[in-house]
**Student:** 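Before I ask anything, here is the structure I am working with.
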Amino acid sequence: MKTQRFLFSLICGSAALALTAQAHPADGEYKHMARIAAQPAVKQALAYIEKNEPTTTANTLAINAIPAPTFAEGARAADYLARMKAAGLRDVHLDDAGNVLGTYRGSGKGPTIVLAAHLDTVYPAGTDLTVREKDGRLYAPGIADNARSLAAMLTIVNAMRDAGIATEGDVLVCANVGEEGLGDLKGVKHLFSQRKDIKAFVGLEPALGADGDPVTHIGTGSRRFKVTLRGPGGHSYEGFGLPSAVHAAGRAIARIDEVRVPAEPKVTFNVGVVQGGQSVNSIAADASLLIDIRSADAPLLAKVEQQIKAAIQQGVDETNQRWNSKAITAEIKLIGDRPAGQMAKDSTIVKLALAAATAQGRPAALDSAHSTDANLPMSLGIPAITMSGGGSSGGYHSEKNEWWSPKNAHTGPQNVMLTILGLAGVQGVTAPAIQ
């Protein structure tokens with residue numbers, strides 16, 4: 001009860017937002033969005049989202065209490081499927097990848113628009129998901145990324161249904177698997193391999209900042225590799241002089257660390273996991289590295305990938321030379337490929353999302369580049385953005401530090417709903433902005 005009282009008192013106010021990276025939609029998109037926002041049914045839905053924020057927050061906590069490590073999202077998917085059915089969506093089902101899908105039916109005279117949020121979290125099975133309150137924030141692994149977005153997506157659907165909003169296009173609601181880590185966008189890759197009718201994609205993620213609801217229009221691509229180094233192995237004393245796979249891994253990491261990259265465009269690399277060896281008195285016969293390389297600039301990403309691969313081979317060659325051997329080898333296997341992508345600032349989908357905030361008298365803002373499910377449709381040339389599920393948050397991917405604040409949390413879902421309506425079109429009001 002203490003948590004509920006705290007949340008209710010914190011949510012009920014709606015202060016104005018102050019965003020630093022402000023952007024301004026074109027007059028055409030603003031007028032289009034203003035017509036939608038002025039409709040009685042849409043006003044009713046917007047009011048529903050604000051009034052029912054305590055329920056959205058409660059759903060956030062309930063969804064987050066169900067563990068959903070990448071590749072083990074089944075329990076959360078089953079719960080969410082039941083929630084989708086209760087929200088009145090049509091054709092609710094699990095697809096072959098484990099995504100939960102349901103459709104908000106339109107007139108059939110508009111495009112199919114995807115509204116998506118990922119089910120999985122970075123945290124392994126057995127992680128303590130207990131919620132803590134401190135200084136107006138709720139702390140729990142996964143609460144921001146991405147339980148809040150899943151709860152917000154349900155509220156948007158319920159608001160549209162409660163107000164009787166009739167769209168021209170279908171809204172395909174997707175709670176997808178495999179966004180985090182080695183999931184490698186499994187859910188959306190499967191979705192787009194099966195559905196060729198999707199004309200636009202809006203993904204929900206936490207607001208990556210302290211306040212406001214910025215729009216992400218640049219997708220940071222990533223390439224991930226597992227490097228396996230192999231050697232002869234042997235006894236540390238009797239076999240001394242044989243080359244060690246672990247020593248080769250050390251040299252490879254040192255060479256990788258020497259790679260120089262520009263500050264702009266931004267590109268990053270990281271050796272995240274190192275494993276190998278058998279015992280303290282064994283010359284290692286094998287070792288492995290997991291490497292992540294990221295950039296929103298696809299050519300630069302490819303260039304740094306080649307530099308990293310060359311550094312690995314240099315580490316192998318130096319180890320063999322040191323021990324007068326040719327026994328150490330390296331196998332480099334691609335284990336993750338998130339394509340980079342970008343929507344122009346003046347694209348229809350970006351301008352609509354900005355207009356959604358402006359039409360409600362709020363500042364509109366563009367976010368910096370991030371790696372999300374929207375990367376995939378962007379790379380396919382399909383209009384796609386990532387928007388805020390509402391509230392402010394931080395400490396992502398940190399078991400002890402991930403937090404979410406419900407302050408002004410209703411504004412994110414309101415912006416998303418208006419954007420979806422602009423894309424899909426509202427019967428008798430506006431035609432779809434995307435065909």
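What you see below is based on every heavy atom in this structure, not just the backbone, and it leaves out hydrogens, waters and symmetry mates. Note that the numbering runs from 1 along the sequence shown for the chain.
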**Student:** Closer than 4.0 angstrom, basic N to acidic O: yes or no for Glu133 and Arg137?
**Tutor:** no
**Student:** Between Arg260 and Glu258, is there a side-chain N and carboxylate O pair less than 4.0 Å apart?
**Tutor:** yes
**Student:** Ignoring hydrogens and angles, tell me if any N or O in the side chain of Asp170 forms a donor-acceptor pair with the backbone of Leu172 under 3.5 Å.
**Tutor:** no
**Student:** Could you tell me whether the side chain of Thr60 and the main chain of Thr56 form a donor-acceptor pair under 3.5 Å?
**Tutor:** yes
**Student:** Taking the side chain as everything from C-beta on, heavy atoms only, tell me whether Phe192 gets closer than 4.5 Å to Leu376.
**Tutor:** yes
**Student:** For Asp145, enumerate each residue passing the side chain to side chain donor-acceptor pair (under 3.5 Å) test, keeping only those at least two apart in sequence or located in another chain.
**Tutor:** His118, His397
**Student:** Are any of the side-chain heavy atoms of Val92 and Leu81 separated by less than 4.5 Å?
**Tutor:** yes
**Student:** Measuring from atom CD of Glu399 to atom OG1 of Thr121, what distance do you get when rounded to the nearest 0.5 angstrom?
**Tutor:** 10.0 Å
**Student:** Consider side chain to side chain donor-acceptor pair (under 3.5 Å). Of Asn375, Asp367, Thr372, which one does Thr386 pass it with?
**Tutor:** Thr372
**Student:** Please name the pair of heavy atoms, one in Ala374 and one in Ala384, separated by the smallest distance, quoted to 0.1 Å.
**Tutor:** O-CB, 3.9 Å
**Student:** Take a 6.0 Å sphere around CD of Gln313 and say whether it holds more than 12 heavy atoms from other residues, nucleotides or ligands.
**Tutor:** yes
**Student:** Quick one: closest heavy-atom pair of His370 and Ser368, and the distance?
**Tutor:** CD2-O, 3.1 Å
**Student:** So, for Thr167 and Ala424, which heavy atoms are closest and what is the spacing to 0.1 Å?
**Tutor:** CB-CB, 4.4 Å
**Student:** Regarding Arg148 and Glu402, does a basic nitrogen lie under 4.0 Å from an acidic carboxylate oxygen?
**Tutor:** no
**Student:** Would you confirm whether Trp404, through its side chain, and Gly390, through its main-chain N or O, come within 3.5 Å as a donor-acceptor pair?
**Tutor:** yes
**Student:** Tell me, which pairs form a salt bridge (charged side-chain N to carboxylate O under 4.0 Å, His left out) where one or both residues lie in residues 75-87, sequence neighbours left out?
**Tutor:** Asp79-Arg83
**Student:** Could I get the full list of side chain to side chain donor-acceptor pair (under 3.5 Å) partners for Ser149, not counting sequence neighbours?
**Tutor:** Asn146
**Student:** Just by distance, no angles: are the side chains of Asp128 and Thr130 close enough, under 3.5 Å, to form a donor-acceptor pair?
**Tutor:** yes
**Student:** Check whether any side-chain heavy atom of Ile156 sits under 4.5 Å from a side-chain heavy atom of Val416, and report yes or no.
**Tutor:** yes
**Student:** Grab the two heavy atoms, one from Ala175 and one from Leu119, that are nearest each other, plus how far apart they are.
**Tutor:** O-CD1, 3.4 Å
**Student:** Please name the pair of heavy atoms, one in Ala140 and one in Val131, separated by the smallest distance, quoted to 0.1 Å.
**Tutor:** CB-CG2, 3.9 Å
**Student:** By the side chain to side chain donor-acceptor pair (under 3.5 Å) test, which pairs, at least two apart or in different chains, include something from residues 423-435?
**Tutor:** none
**Student:** Go through the steps for Val202 and Val114 under the test side-chain contact (heavy atoms from CB on, under 4.5 Å), then give the verdict.
**Tutor:** CA-CA 6 Å; Val202 177; Val114 172; over 6 Å; no
**Student:** Does atom CG (Asp346) have a neighbourhood of more than 12 heavy atoms from anything else shown, all under 6.0 Å?
**Tutor:** yes
**Student:** Kindly compute the distance separating SG (Cys174) from NE2 (His190), expressed to the nearest 0.5 Å.
**Tutor:** 10.0 Å
**Student:** Would you indicate whether the side-chain heavy atoms of Phe71 and Glu180 approach each other to under 4.5 Å?
**Tutor:** no
**Student:** Short question: side chain of Tyr396, backbone of Pro206 - any donor-acceptor pair under 3.5 Å?
**Tutor:** no
**Student:** Is there a donor-acceptor pair under 3.5 Å between the side chain of Ser295 and the backbone N or O of Lys266?
**Tutor:** yes
**Student:** Can you establish whether the number of heavy atoms outside Arg90 located under 6.0 Å from its atom CZ is more than 12?
**Tutor:** no
**Student:** A side-chain contact here means heavy atoms from C-beta on lying under 4.5 Å apart; do Pro67 and Tyr123 qualify?
**Tutor:** no
**Student:** Can you spot which of Asp337, Asp184, Asp292 makes a salt bridge (Lys or Arg N to Asp or Glu O under 4.0 Å) with Arg223?
**Tutor:** Asp337
**Student:** Would a distance-only check, ignoring hydrogens and angles, find a side-chain to backbone donor-acceptor pair under 3.5 Å from Asn270 to Ile291?
**Tutor:** no
**Student:** If you round to the nearest 0.5 Å, how far is CG of Leu352 from OG1 of Thr358?
**Tutor:** 11.0 Å
**Student:** Determine, step by step, whether Lys134 and Tyr139 satisfy the side-chain contact (heavy atoms from CB on, under 4.5 Å) criterion, reporting the C-alpha distance in whole Å, the side-chain angles of both residues, the deciding distance to 0.1 Å, and the verdict.
**Tutor:** CA-CA 8 Å; Lys134 183 180 179 181; Tyr139 288 80; 3.9 Å; yes
**Student:** I'd like to know if the side chain of Gln275 and the backbone of Ala287 have a donor-acceptor N/O pair within less than 3.5 Å.
**Tutor:** no
**Student:** Among all residues two or more places apart in sequence or in another chain, which pass the side-chain contact (heavy atoms from CB on, under 4.5 Å) test with Leu46?
**Tutor:** Val42, Gln360, Gln414, Met417, Leu418
**Student:** Between Asn99 and Asn176, is any pair of side-chain heavy atoms under 4.5 Å apart?
**Tutor:** yes
**Student:** For Pro124 versus Pro69, what's the shortest heavy-atom pair and its separation?
**Tutor:** C-CG, 3.9 Å
**Student:** Check whether Arg132 reaches the backbone of Lys400 with its side chain - one donor and one acceptor, N or O, closer than 3.5 Å.
**Tutor:** yes
**Student:** Under the criterion side-chain contact (heavy atoms from CB on, under 4.5 Å), I'd like the reasoning laid out for Ile165 against Tyr104: C-alpha separation, chi angles, the key distance, then a yes or no.
**Tutor:** CA-CA 10 Å; Ile165 295 176; Tyr104 190 95; 4.1 Å; yes
**Student:** Between Ile308 and Ile312, is there a side-chain heavy-atom distance shorter than 4.5 Å?
**Tutor:** yes
**Student:** Give a yes or no on whether the backbone of Leu290 and the side-chain of Arg224 come within a donor-acceptor separation of less than 3.5 Å.
**Tutor:** no
**Student:** How long is the span from the CD1 atom in Ile198 to the OG1 atom in Thr112, to the nearest 0.5 Å?
**Tutor:** 7.5 Å
**Student:** Side chains of Asn52 and Asn158: do they bring a donor and an acceptor to under 3.5 Å?
**Tutor:** no
**Student:** What distance separates Ile143 CD1 from Leu61 CG, expressed to the nearest 0.5 Å?
**Tutor:** 5.0 Å
**Student:** Could you give me the CA-CA distance, side-chain angles and deciding distance for Thr155 and Ile49, then say whether side-chain contact (heavy atoms from CB on, under 4.5 Å) is met?
**Tutor:** CA-CA 7 Å; Thr155 296; Ile49 291 172; 4.1 Å; yes
**Student:** Look at the side chain of His410 and the backbone N and O of Glu53, then say whether any donor-acceptor pair between them is shorter than 3.5 Å.
**Tutor:** no
**Student:** Nearest 0.5 Å, what's the CD-CD1 distance between Glu305 and Ile332?
**Tutor:** 9.0 Å
**Student:** May I ask you to test the Val426-Gln39 pair for a side-chain heavy-atom distance under 4.5 Å?
**Tutor:** no
**Student:** Can you name the residues that form a salt bridge (Lys or Arg N to Asp or Glu O under 4.0 Å) with Glu168, not counting sequence neighbours?
**Tutor:** none
